[in-house]
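Reviewing the structure listed below.
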Protein chains: 2
Amino acid sequence: MTAHLATSETEAGCTTCKSRKNGLCGRLSDQVRERVAARAQIVSYPANRRICGGEGDSSDVVILRSGYVRTQHHTLSGRRQIMAIARPGQTVGQENEERNEHEIEAITPVSVCRLERLEFEQLLSREPGLCRALCNQMVTRLDETRRLTWILGALESNQRLRAFLLLSRNWMDWAPQPDGTGVLTMILPRRDIADLLATTPETISRLLRQLHAQGLIEILSPRQFRLCDIPGLADGLDMVIPL
Amino acid sequence: MTAHLATSETEAGCTTCKSRKNGLCGRLSDQVRERVAARAQIVSYPANRRICGGEGDSSDVVILRSGYVRTQHHTLSGRRQIMAIARPGQTVGQENEERNEHEIEAITPVSVCRLERLEFEQLLSREPGLCRALCNQMVTRLDETRRLTWILGALESNQRLRAFLLLSRNWMDWAPQPDGTGVLTMILPRRDIADLLATTPETISRLLRQLHAQGLIEILSPRQFRLCDIPGLADGLDMVIPL
DNA sequence: CGCATTGTTGATCTATGTCAAGGACCGTGG
DNA sequence: CCACGGTCCTTGACATAGATCAACAATGCG
């Protein structure tokens with residue numbers, strides 16, 4: 001279980017980076033982005049590998065190039081809660097500060113830009129553009145985390161799952177059809193869905209069957225759902241579902 | 001139900017402001033703080049008054065001078081979830097962006113500095129110090145919101161209440177005694193505790209009695225608790241409780 | 001072809017939401 | 001001084017959503 005596997009790519013990786021127009025990087029000017037990149041190291045991780053947090057950790061700041069990571073926390077009793085899922089273009093780790101409360105793990109294979117925390121902090125002071133972009137991103141993350149808080153606190157599990165399916169359209173493969181339905185490719189296994197929505201894989205499974213029985217979705221395969229009745233799925237959520 | 005009641009204080013209110021050393025303002029240099037204050041209007045609200053969010057709203061940015069506010073959201077079915085509680089020195093409203101998803105209400109009587117959103121955004125671009133301070137604050141808020149997400153998702157209600165009591169020491173009146181116990185003055189009514197912890201006032205009441213029966217707390221009055229056994233209260237929370 | 005992982009289904013039990021009633025406390029007005 | 005209404009808190013009875021445990025099916029991999 002080595003720390004991580006460095007790729008052969010050089011540091012001038014922005015040109016090949018598909019998310020240089022997204023998230024944090026997308027809000028930086030080309031010069032600032034290059035100056036950040038000059039201090040970053042590109043690293044890849046396989047699915048389920050720990051990226052930061054937990055025990056002996058270099059506490060770096062990480063910008064996601066590709067793939068998805070989960071910010072989570074474990075109970076001694078084995079319970080896990082996923083607090084956030086980060087997409088390409090988002091930063092991870094700088095919000096962890098001194099105490100390493102959360103573990104951050106790859107969901108899919110990921111590629112990241114790693115920066116040492118200290119260097120990142122210095123860059124932040126020197127580059128107002130970076131600071132502004134980070135601030136904007138933090139607003140977005142806060143908003144997303146509050147939405148999850150709302151989902152967990154105010155909705156029952158059936159509603160949670162429906163909200164999750166609808167929100168997933170924003171960051172998973174979503175193929176809308178002319179008839180208003182669409183096919184969603186779920187990247188999370190049942191266990192992760194459950195730990196995000198604070199329930200169990202068994203319940204997720206049962207609820208999916210129930211949504212199917214109600215004609216709201218079709219289960220094409222364990223990881224592919226057709227959302228047949230989007231207004232029906234959104235019913236009673238009292239929630240702004242972007243997209 | 002008028003919008004709000006302006007106080008007689010002038011705009012040079014920083015000198016009289018007890019939280020000018022806390023939160024956002026505490027991280028600004030004196031000059032920057034003065035320049036921000038020059039654009040702010042000091043306003044007071046009684047308890048339970050809406051401060052921003054909801055229907056017709058000026059969508060200002062607000063810095064809390066004194067008192068506490070809650071960021072919350074309602075279901076059509078009447079369920080409410082409190083997503084965050086802000087203390088003096090914290091900003092509120094700038095994270096709301098365009099869509100006004102949350103309502104923000106005074107818990108206690110509050111005094112705030114109001115800034116128009118546009119002016120605030122301009123200040124943010126002109127003053128790197130403000131941007132840096134805001135960025136730091138957003139990190140803190142994100143952290144707190146994630147902690148709430150954790151509490152709601154991973155803990156059962158008994159544990160939620162214990163975590164809440166322990167965390168409350170950081171921002172409510174907390175009088176520690178030499179013997180290791182201490183008296184906590186609860187500023188939230190049962191209803192608010194319930195809506196923060198995603199349960200009901202009835203359950204909160206029962207759980208408090210239960211903690212009392214276990215010798216963990218003493219209920220001096222509905223709003224005053226002696227925390228008798230702090231390690232006992234923290235038991236099984238698997239959580240970093242600051243302080 | 002095992003073997004491990006992931007997903008599904010069934011049976012059971014309990015924590016807690018809901019409804020209903022009543023108590024404690026406070027301010028107001030007679 | 002008391003009666004009144006309001007808010008907040010507490011207690012009891014009851015129903016049920018969903019966690020847990022256990023078994024098994026489906027899938028993928030060496």
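Each chain gets a letter, A, B and so on, in the order its sequence line appears, and its residues count up from 1. Here the structure is a predicted model, which means the values were calculated and not measured.
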Q.
Tell me if a side-chain donor or acceptor on B:S19 pairs with a main-chain N or O of B:R65 at a distance below 3.5 Å.
A. yes

Q. Does the A:T203 side chain pair with the main chain of A:T199, one donor and one acceptor, at a distance under 3.5 Å?
A. no

Is there a side-chain contact between [X] and the phosphate of [N], meaning an N or O under 4.0 Å from OP1 or OP2?
X: B:R191; N: D:dC8; result: no
X: A:T200; N: D:dG18; result: no
X: A:R190; N: C:dT5; result: no
X: B:T203; N: C:dT16; result: no

[X] [atom1] to [N] [atom2]: how many Å, rounded?
X: B:I219; N: C:dC25; atom1: CD1; atom2: P; answer: 14 Å
X: A:I187; N: C:dT6; atom1: CD1; atom2: P; answer: 15 Å
X: A:Q224; N: C:dT6; atom1: CD; atom2: P; answer: 18 Å
X: B:L161; N: D:dT10; atom1: CG; atom2: C1'; answer: 15 Å
X: A:L207; N: C:dT8; atom1: CG; atom2: P; answer: 12 Å
X: B:N158; N: C:dT16; atom1: CG; atom2: P; answer: 8 Å
X: B:H212; N: D:dT11; atom1: NE2; atom2: C1'; answer: 15 Å
X: A:E202; N: D:dA22; atom1: CD; atom2: P; answer: 12 Å

Q) Just checking A:R223: base, sugar-phosphate only, or nothing, at a heavy-atom cut-off of under 4.0 Å? A) sugar-phosphate

Q.
Any base atoms under 4.0 Å from A:P201, or only sugar-phosphate, or nothing? Heavy atoms, all strands.
A. nothing

Q | Candidate pair A:D195 and A:R190, rule salt bridge (charged side-chain N to carboxylate O under 4.0 Å, His left out), full reasoning | A | CA-CA 9 Å; A:D195 287 345; A:R190 298 286 184 276; over 6 Å; no

Q: To the nearest 0.5 angstrom, please state how far the CD1 atom of B:I82 sits from the CD atom of B:E103.
A: 10.5 Å

Q) Taking N and O atoms by type only, does the side chain of B:R79 place a donor or acceptor under 3.5 Å from a partner on the base of C:dG17? A) no

Q) D:dG12 base to B:R206 side chain: any donor-acceptor pair below 3.5 Å? A) yes

Q. A:W171 vs A:Y68 aromatic rings, parallel, tilted or perpendicular, using cut-offs 30° and 60°?
A. tilted

Among [options], the one nearest [X] by side-chain distance:
X: A:T199; options: D:dA19, D:dC9, C:dT9; result: D:dA19
X: A:S157; options: D:dG18, D:dC9, C:dT16; result: D:dG18
X: B:S205; options: D:dT10, C:dT16, C:dT8; result: D:dT10

